[in-house]
Amino acid sequence: MLELTARPLTPEAFAPFGDVIDTRTSEYFPINAGRTRRYHDLAKVETLGDEARTLISIFVSQPVSLPLTLDFLERHPQGSQAFMPLHEERFLVVVAPPGESIDPDSVRAFVTDGHQGVNYHAGTWHAIQSVLEREGEFLVVDRGGAGNNCDEHPLAVRVALD
Ligand SMILES: NC(=O)N[C@@H](O)C(=O)O
Ligand code: NI
């Protein structure tokens with residue numbers, strides 16, 4: 001069983017896996033006569049393969065128990081997948097770099113702070129949505145279209161908070 005302690009999520013640490021969506025660590029420019037700050041192009045949306053299109057969905061998730069035990073990670077080979085909390089929910093992020101197999105030494109666990117969303121790049125191995133403390137509501141942007149877009153890789157992981 002791989003035992004991990006979740007670390008605070010940062011854009012730098014998450015860069016090998018995807019993007020952190022957070023106004024506090026992003027640039028903006030003014031629009032709408034200066035009434036709006038546009039935090040522009042924060043994440044790389046990928047929609048690959050046949051009949052690919054971008055989906056916008058809402059996930060309402062029940063909270064996970066800690067320590068979080070996982071028996072697989074999944075990946076979406078044909079597209080990215082973004083999760084943005086709608087009510088400052090914190091969630092666990094467990095990831096491994098894209099590849100045909102997972103090196104246990106490359107697996108990383110993070111915890112968000114409620115202001116952060118994540119965008120998994122296509123092929124990044126990740127745990128399924130794992131919200132903490134209370135029911136969570138997330139805006140999700142990912143890929144629809146033909147063919148398989150979800151592979152699972154067995155991996156036994158236990159994740160604790162610091
Ligand atoms: N299955 C699904 O739409 N969600 C998962 O991909 C997930 O990462 O939660
Ligand atoms: Ni997923």
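Just so you know, ligand 1 is whichever comes first in the structure, and atom 1 is the first atom listed for that ligand.
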Taking the six-membered ring for Trp, are the ring centroids of [X] and [Y] within less than 6.0 Å of each other?
X: Phe59; Y: Phe83; value: yes
X: Phe72; Y: His153; value: no
X: Phe138; Y: Phe91; value: yes

Q: Using the six-membered ring wherever Trp is involved, compare the ring planes of His76 and His126 and label them parallel, tilted or perpendicular (cut-offs 30° and 60°).
A: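 Rings of His76 and His126: tilted, as their planes differ by 30° to 60°.
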For a quick test of reading the model, state the closest non-hydrogen atom pair linking [X] to [Y] and the distance between them.
X: Val141; Y: Ile56; result: CG2-CG1, 4.2 Å
X: Arg90; Y: Asp113; result: CG-C, 3.9 Å
X: Leu66; Y: Leu92; result: CD2-CD1, 3.7 Å
X: Pro77; Y: Leu48; result: O-CD1, 3.9 Å

Q. Are any of the side-chain heavy atoms of Glu135 and Glu137 separated by less than 4.5 Å?
A. no
**Q.** Contact residues of ligand 1 (heavy atom under 4.0 Å), by chain and number
**A.** Phe59, Glu74, His76, Gln81, Phe83, His126, Ile128, Gln129
Q) For the Ni ion (ligand 2), how many protein N, O or S atoms come closer than 2.8 Å? A) 4
